[in-house]
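Predicted model, so just to flag it, every value in this text is computed and none were measured.
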Amino acid sequence: MVALTLTRKLAILADAAKYDASCASSGSEKRNSAGTKGIGSTEGSGICHSYAPDGRCISLLKLLLTNFCIYDCAYCINRSSSNVQRARFSVDEVVRLTLDFYRRNYIEGLFLSSGIIRSPDHTMEELIRVARTLREEHLFAGYIHLKVIPNAAPELLAEAGRWADRLSTNIELPTDGALEQLAPEKRPSEIRTAMARLRGRLDEAAPEGKSKAKPEKFAPAGQSTQMIVGADGANDAAILTRAAGLYSGYRLKRVYYSAFSPIPDASARLPLKPPPLMREHRLYQADWLIRFYGFDVPEIVSGGEDGDLDLAIDPKLAWALKQRQNFPVDVNRADRDWLLRVPGLGVNAVNRIIASRRFHRLTLADIARMTASIDKVRPFITCADWTPGAQLDDQRLRQKLVPPAQQLSLF
């Protein structure tokens, strides 16, 4: 086998990592190298972004340790039967790349995953060695996100949380049946067990009330996961139901949704075309409604048809149009929960409304100053000088609120 240069390895393994969406760095512990001998920070400005060959803007060095894999997951470009060029970094190479990219201000940290080599324990040990070397030998204080190998030993998961800011265990597909069919070497129960162990460790690391004892640090940015959308026949209701269960059962920071991308020499069990990217976008909006707006899954999917979200309009507006009997909402009297259900009103706008109405009755002009989308809000509220009248009963209301089609620019 011809030895690959570091540059060629980087091209192969950075490209192979692009299919993993769960790499946001929000929620990390506030570490800073100022006043210490270390380098890196997870907070503050001044981070430049580099661009991947396909145009993605990234601020994390996002790599696979290797794209060799002993598993043969049908939906994965790096499956053992895939005819792709293989490469593998050494631990020292990943450490060197991370430090070099950080010193050049290209990145704010490292996102590291890997194909499964030899065994889950061996792969997890290699990922941990990278993080431990950065922290201990180079005093790296930047962000580190490690991918968890589900059936690795519990003590390895515990050590991973000692060095990483965030850990993620991919649930892969929305239903157990689909995972068993398309990834026969993976066990849904093992994935959930790994997530449960991480939650237990996170709970142990959480400070208890007014106790002055400082618990041992463990993955301060929490854990996340990713689901592939469109590789199986699961509808949006099934996807969101699984996400809601993961949030409540394992206290995840985020569930990421990644639209399935067709791969070369794919199994006949996989679709030939990817799902619309708008579907992924609507799932993120629905996810936000679950976490911050008090909606449950049946309410959200009721705005669409047959368990799928409406792709033309956002899920809150779709729900409101089918629940017109509950509107308009009086912005001067409604409680916070109902204000959050008004299309066009976000959390910050609702907080400003509640704070302002203590001093005077709000007018439509006041609401317009608090939101960027008064046209969407207007039919669903009443205020001191406004009532929607017959607008709410207009059968053309949905048509009026659908964003107009736009010609994309070539420049």
Side-chain angles (χ1 to χ4, degrees), residues 1 4 8-23 51-58 60-89 111-117 120 123 127 147-150 168-188 191 224-236 238-239 242 255-284 308 311:
M1 181 181 292
L4 298 175
R8 183 58 186 156
K9 288 182 183 180
L10 181 60
I12 294 169
L13 296 174
D15 185 69
K18 69 185 179 183
Y19 297 100
D20 201 316
S22 52
C23 61
Y51 290 85
D54 61 358
R56 291 171 299 120
C57 183
I58 56 175
L60 299 178
L61 179 57
K62 187 176 179 183
L63 298 173
L64 294 185
L65 188 65
T66 179
N67 63 345
F68 286 97
C69 192
I70 61 175
Y71 291 168
D72 197 34
C73 305
Y75 49 81
C76 181
I77 188 68
N78 300 312
R79 66 192 185 278
S80 60
S81 62
S82 179
N83 185 27
V84 296
Q85 185 174 13
R86 306 288 179 171
R88 179 175 177 177
F89 282 126
F111 173 93
L112 187 60
S113 184
S114 181
I116 310 300
I117 44 176
T123 307
L127 295 174
K147 187 63 63 177
V148 167
I149 311 302
S168 56
T169 312
N170 282 357
I171 201 72
E172 306 282 5
L173 294 170
T175 66
D176 290 355
L179 186 63
E180 290 167 355
Q181 180 186 16
L182 297 176
E185 294 96 342
K186 294 183 177 178
R187 301 286 181 269
I191 296 173
S224 61
T225 193
Q226 173 179 303
M227 275 191 282
I228 300 171
V229 176
D232 63 346
N235 61 16
D236 294 337
I239 294 170
R242 172 55 64 92
V255 174
Y256 291 85
Y257 307 94
S258 179
F260 170 70
S261 179
I263 55 179
D265 305 317
S267 166
R269 295 170 292 179
L270 294 172
L272 297 176
K273 295 182 179 180
L277 284 178
M278 182 56 71
R279 184 183 181 193
E280 180 184 302
H281 179 60
R282 296 300 181 212
L283 284 168
Y284 276 113
D308 284 322
L311 298 184

Close side-chain approach of [X] and [Y], heavy atoms under 4.5 Å:
| X | Y | answer |
| --- | --- | --- |
| Phe68 | Thr123 | no |
| Cys69 | Ile116 | yes |
| Arg279 | Asp308 | yes |
| Pro262 | Pro274 | yes |
| Leu10 | Leu63 | yes |
| Asp232 | Pro174 | yes |

Between the side chain of [X] and the main-chain N/O of [Y], is any donor-acceptor distance below 3.5 Å?
| X | Y | value |
| --- | --- | --- |
| Glu280 | Ala259 | yes |
| Ser82 | Ile77 | yes |
| Arg269 | Gln181 | yes |
| Ser168 | Thr225 | no |
| Arg88 | Thr66 | no |

Item to complete: Please report the C-alpha distance between Phe89 and Leu4 in whole Å, then the side-chain angles of each, then the deciding distance to 0.1 Å, and finally whether the side chain to side chain contact (heavy atoms under 4.5 Å, CB included) criterion is met.
Response: CA-CA 10 Å; Phe89 282 126; Leu4 298 175; over 6 Å; no

Point-to-point distance, once rounded to the nearest 0.5 Å, from [atom1] of [X] to [atom2] of [Y]:
| X | Y | atom1 | atom2 | value |
| --- | --- | --- | --- | --- |
| Lys62 | Phe111 | NZ | CZ | 5.5 Å |
| Lys147 | Ser114 | NZ | OG | 11.5 Å |
| Asn67 | Lys9 | CG | NZ | 11.5 Å |
| Ser113 | Leu13 | OG | CG | 11.0 Å |

Discussion item. Before you tell me yes or no, could you show the steps for Met227 and Ile239 under side chain to side chain contact (heavy atoms under 4.5 Å, CB included), namely the whole-Å CA-CA distance, both residues' side-chain angles and the distance that decides it to 0.1 Å?
Written reply: CA-CA 8 Å; Met227 275 191 282; Ile239 294 170; 3.9 Å; yes

Item to complete: Using the test salt bridge (charged side-chain N to carboxylate O under 4.0 Å, His left out), find all partners of Asp176 that sit at least two apart in sequence or belong to another chain.
Response: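 With neighbours one apart ignored, the set is Arg192, Arg242.
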
Discussion item. The criterion is salt bridge (charged side-chain N to carboxylate O under 4.0 Å, His left out); which residues satisfy it with Arg79, sequence neighbours excluded?
Written reply: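 So Arg79 forms no salt bridge (charged side-chain N to carboxylate O under 4.0 Å, His left out) with any residue.
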
Closest non-hydrogen atom pair, [X] against [Y]:
| X | Y | result |
| --- | --- | --- |
| Pro275 | Phe260 | CD-O, 3.4 Å |
| Leu64 | Ala16 | CD1-CB, 3.5 Å |
| Thr175 | Ala234 | CG2-CB, 4.5 Å |
| Lys186 | Glu172 | NZ-OE2, 2.7 Å |
| Arg86 | Asn78 | NH1-O, 3.0 Å |
| Tyr284 | Val255 | CE2-O, 4.0 Å |

Practice prompt. Start with the C-alpha gap between Val84 and Ile12, add the side-chain angles, then the distance that decides, and say whether side chain to side chain contact (heavy atoms under 4.5 Å, CB included) holds.
Written response: CA-CA 9 Å; Val84 296; Ile12 294 169; over 6 Å; no

Worksheet item: Going through the checks in order, is the side chain to side chain contact (heavy atoms under 4.5 Å, CB included) test met by His281 and Tyr257?
Response: CA-CA 9 Å; His281 179 60; Tyr257 307 94; over 6 Å; no

Worksheet item: Who passes side chain to side chain donor-acceptor pair (under 3.5 Å) against Gln85, sequence neighbours left out?
Response: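 Checked Gln85 against side chain to side chain donor-acceptor pair (under 3.5 Å); matches are Arg8.
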
Worksheet entry | Atom CG of Leu277 with >12 non-hydrogen neighbours under 6.0 angstrom |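 Open: at most 12 neighbouring heavy atoms sit under 6.0 Å from CG of Leu277.
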
